[in-house]
Amino acid sequence: MARQQGWFALILALAIAAGALLVSFPLQLGLDLRGGSQLTLQVLPAGSIRSVQKEQLEAVKDVLERRINGLGVAESTLQTVGDDQLVLQLPGEQDPSRAAKVLGTTALLEFRAQRPGTEQEMTGLLKLKRQAQAVLNQSQVKAAAIANGQPVPPAVSIKAEELAEALTQLGISVPPGSSETEQLGLLLSTVNTKIVALYDPAELTGKDLTSAGRQQQQTGTGWEVTLAFNSEGGKKFAELTKGIAGTGRLLGIVLDGRSISEATVGPEFKPAGISGGAASITGNFTADEARDLEVQLRGGSLPLPVKLIEVRTVGPSLGAENIRSSLIAALSGLALVAVFMVVVYRLPGVVSVLALSLYSLFNLAVYALIPVTLSLPGIAGFILSIGMAVDANVLIFERVKEELRSGNTLIRSIDTGFSLAFSSILDGHVTGLISCAALFALGTGLVKGFAVTLAIGLLLSLFTALTCTRTLLRLLMSYPGLRRSTYFVPAAQLPASAS
């Protein structure tokens with residue numbers, strides 16, 4: 001009796017702890033339950049690589065995971081699909097455009113010195129670039145000034161004649177009906193390409209970076225991105241800046257083939273260049289632009305380019321409807337199982353319902369503790385594991401009924417029933433776990449979620465069936481009023497002496 005009370009106290013303590021855990025750590029809901037966005041990315045071969053191999057796909061995934069962590073998107077998941085695709089789920093994110101922009105770019109950072117003899121051409125291109133950027137950015141500048149309670153700067157514009165002349169000089173063909181913004185975008189893209197062509201090949205790249213950060217500029221409202229190089233990168237940066245110091249030529253910072261900043265190096269750095277292994281990129285960035293660039297640089301450059309091939313958005317209302325439907329299905333299934341167990345097995349059926357309730361509580365607590373991101377297939381795995389837990393109780397109670405029909409006493413029948421059913425229960429759960437392992441190893445995405453939730457359920461059902469059910473049943477048998485064989489088997493099925 002004391003042993004049964006000890007087990008009961010342990011089970012009660014576990015139930016209280018599980019309830020407290022669920023209150024402190026709510027369940028994480030997947031995209032189909034919470035709503036959000038899903039991005040499908042395809043990894044493309046490049047250069048000498050003709051086809052994407054598994055190792056290259058994993059390398060791209062590692063870089064993207066670092067970028068996602070830098071974005072701070074909670075509960076996101078990134079999984080490989082097939083031979084060359086990645087699926088990113090962003091629960092709660094209804095506007096995936098920013099994430100797509102950060103993830104889809106290669107983030108190849110290069111530091112290049114301007115070629116000698118290109119000073120006049122560079123001056124004209126930079127003037128056009130700054131004019132176009134000023135006009136395109138004025139709406140953001142105006143909104144920031146209003147938000148910060150600062151005076152709204154005067155409007156910046158470019159004359160239509162000047163814009164048309166610049167487009168003609170650069171040989172840009174403008175589609176009929178293009179707006180000023182579209183024309184400025186074409187102009188800016190072409191100017192950036194021509195600026196990059198005026199630089200020497202890269203002598204220093206982002207591979208020599210050790211960290212990246214961001215800070216607001218001391219003068220003005222713009223932001224800058226700070227960089228720190230390793231020892232080799234610091235030496236290259238010093239040599240690069242030493243070669244152009246005081247010459248009037250620019251140091252270009254190029255990201256994915258686009259010039260994002262052009263800096264001059266003063267004559268005071270002529271003897272040794274800029275040493276210390278640190279630099280900053282100033283490109284009149286907004287706070288979000290600076291953060292996105294920081295995330296890309298800290299995450300590293302992608303080994304292979306990626307292409308966004310699908311964006312799927314699930315609204316919060318659809319997620320709420322999925323939760324409601326799943327909850328109704330789960331509760332309905334539990335209610336039907338409870339009615340069946342009570343009608344067929346009587347008092348042991350009541351015990352099994354209590355054990356299944358504990359099983360469900362423990363299961364959800366483990367989901368919150370690991371944590372498991374719960375999706376529709378995950379709920380399916382949870383409900384299926386409840387069926388497996390019920391199956392274990394059915395095996396036990398049928399054995400108990402057989403023993404009672406053969407004339408054994410009630411207590412001996414209960415002990416023998418658990419002993420005889422153990423091997424069958426263990427075999428069934430082991431084969432189920434083998435199936436889960438195969439699904440997890442060979443499946444992808446939602447299939448893995450189903451395998452994880454089912455495996456957790458199978459392990460917990462062993463505990464509840466062999467420990468909780470037995471403890472509760474033996475505890476009830478300590479009360480003489482409940483110690484009757486007819487509470488287990490109809491009187492007509494018992495031997496004359498037992499009934």
Side-chain angles (χ1 to χ4, degrees), residues 3-22 27 330-331 333-342 344-370 372 374 378-401 414-436 450-478 482 488:
R3 183 180 178 184
Q4 299 302 323
Q5 289 177 341
W7 275 110
F8 180 75
L10 174 61
I11 293 169
L12 185 61
L14 288 175
I16 295 173
L21 189 65
L22 285 172
L27 292 171
L331 293 178
L334 282 173
L336 292 173
V337 168
V339 170
F340 172 82
M341 294 299 290
V342 171
V344 175
Y345 295 104
R346 304 191 174 195
L347 181 62
V350 175
V351 173
S352 71
V353 172
L354 294 174
L356 286 177
S357 300
L358 290 171
Y359 164 81
S360 300
L361 178 64
F362 295 154
N363 221 334
L364 294 176
V366 172
Y367 292 168
L369 185 63
I370 291 181
V372 172
L374 203 57
I379 292 176
F382 170 62
I383 295 174
L384 181 58
S385 65
I386 292 177
M388 297 289 288
V390 171
D391 183 58
N393 284 297
V394 168
L395 289 173
I396 294 168
F397 298 154
E398 285 294 334
R399 290 290 188 177
V400 173
K401 290 169 71 174
I414 293 174
D415 291 340
T416 304
F418 275 93
S419 298
L420 294 177
F422 176 76
S423 60
S424 299
I425 294 172
L426 184 62
D427 290 346
H429 282 70
V430 168
T431 53
L433 289 172
I434 292 173
S435 299
C436 292
F450 172 81
V452 169
T453 53
L454 181 57
I456 293 172
L458 289 173
L459 291 173
L460 286 174
S461 71
L462 271 176
F463 173 75
T464 54
L466 301 176
T467 302
C468 296
T469 303
R470 186 168 191 165
T471 299
L472 293 173
L473 196 55
R474 290 300 300 268
L475 189 66
L476 291 177
M477 291 302 97
S478 64
L482 298 176
F488 288 73

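Just so it is clear, the structure is predicted and the values come from calculations on it, not from any experiment.
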Taking every heavy atom of Ala455 against every heavy atom of Cys436, the minimum-distance pair comes out as N-SG, 3.7 Å
Determine which pairs satisfy side-chain hydrogen bond (donor to acceptor under 3.5 Å, both in side chains) with at least one residue from residues 451-468, sequence neighbours left out, and list them in order. His429-Ser461
Worked verdict on Ile370 versus Ile456 for side chain to side chain contact (heavy atoms under 4.5 Å, CB included): CA-CA 11 Å; Ile370 291 181; Ile456 293 172; 3.5 Å; yes
Does a side-chain heavy-atom distance below 4.5 Å link Val394 with Val344? no
What is the minimum heavy-atom distance between Ala421 and Arg399, and which atoms define it? CB-CG, 4.1 Å
Atom CG of Leu475 and atom CZ of Phe8: how far apart are they, to the nearest 0.5 Å? 6.0 Å
Going through the distances and angles, do Tyr359 and Asn393 end up as a side chain to side chain contact (heavy atoms under 4.5 Å, CB included)? CA-CA 12 Å; Tyr359 164 81; Asn393 284 297; over 6 Å; no
List for me each residue that meets ring pair (Phe, Tyr, Trp, His ring centres under 6.0 Å) alongside Tyr345, sequence neighbours excluded, and say none if there are none. Phe397
Which atom of Ile11 lies closest to which atom of Cys468, heavy atoms considered: CD1-CA, 3.7 Å
How close do Thr469 and Ala355 get, counting heavy atoms only, and between which atoms? OG1-CB, 3.4 Å
Where do Leu482 and Leu347 come nearest, in terms of heavy atoms and distance? O-CD2, 4.0 Å
So CZ of Phe488 and CG of Leu473: to nearest 0.5 Å the spacing works out to 4.5 Å
Taking atom CZ of Phe422 as the centre, report whether more than 12 heavy atoms of other residues, nucleotides or ligands fall under 6.0 Å from it. no
Between Leu22 and Leu361, is there a side-chain heavy-atom distance shorter than 4.5 Å? yes
Rounded to the nearest 0.5 Å, the CG atom of Leu369 sits from the CG atom of Leu364 at a distance of 12.5 Å
Distance, nearest 0.5 Å, that separates CG of Leu454 from CG of Leu433: 8.0 Å
So OG1 of Thr431 and CG of Leu458: to nearest 0.5 Å the spacing works out to 8.5 Å
Taking atom CZ of Arg470 and atom CG of Leu466, what is their separation to the nearest 0.5 Å? 8.5 Å
As a quick check of understanding, evaluate side chain to side chain contact (heavy atoms under 4.5 Å, CB included) for Phe418 and Ile414, giving each step before the final call. CA-CA 6 Å; Phe418 275 93; Ile414 293 174; 3.8 Å; yes
Partners of Asp391 by side-chain hydrogen bond (donor to acceptor under 3.5 Å, both in side chains), sequence neighbours excluded? none
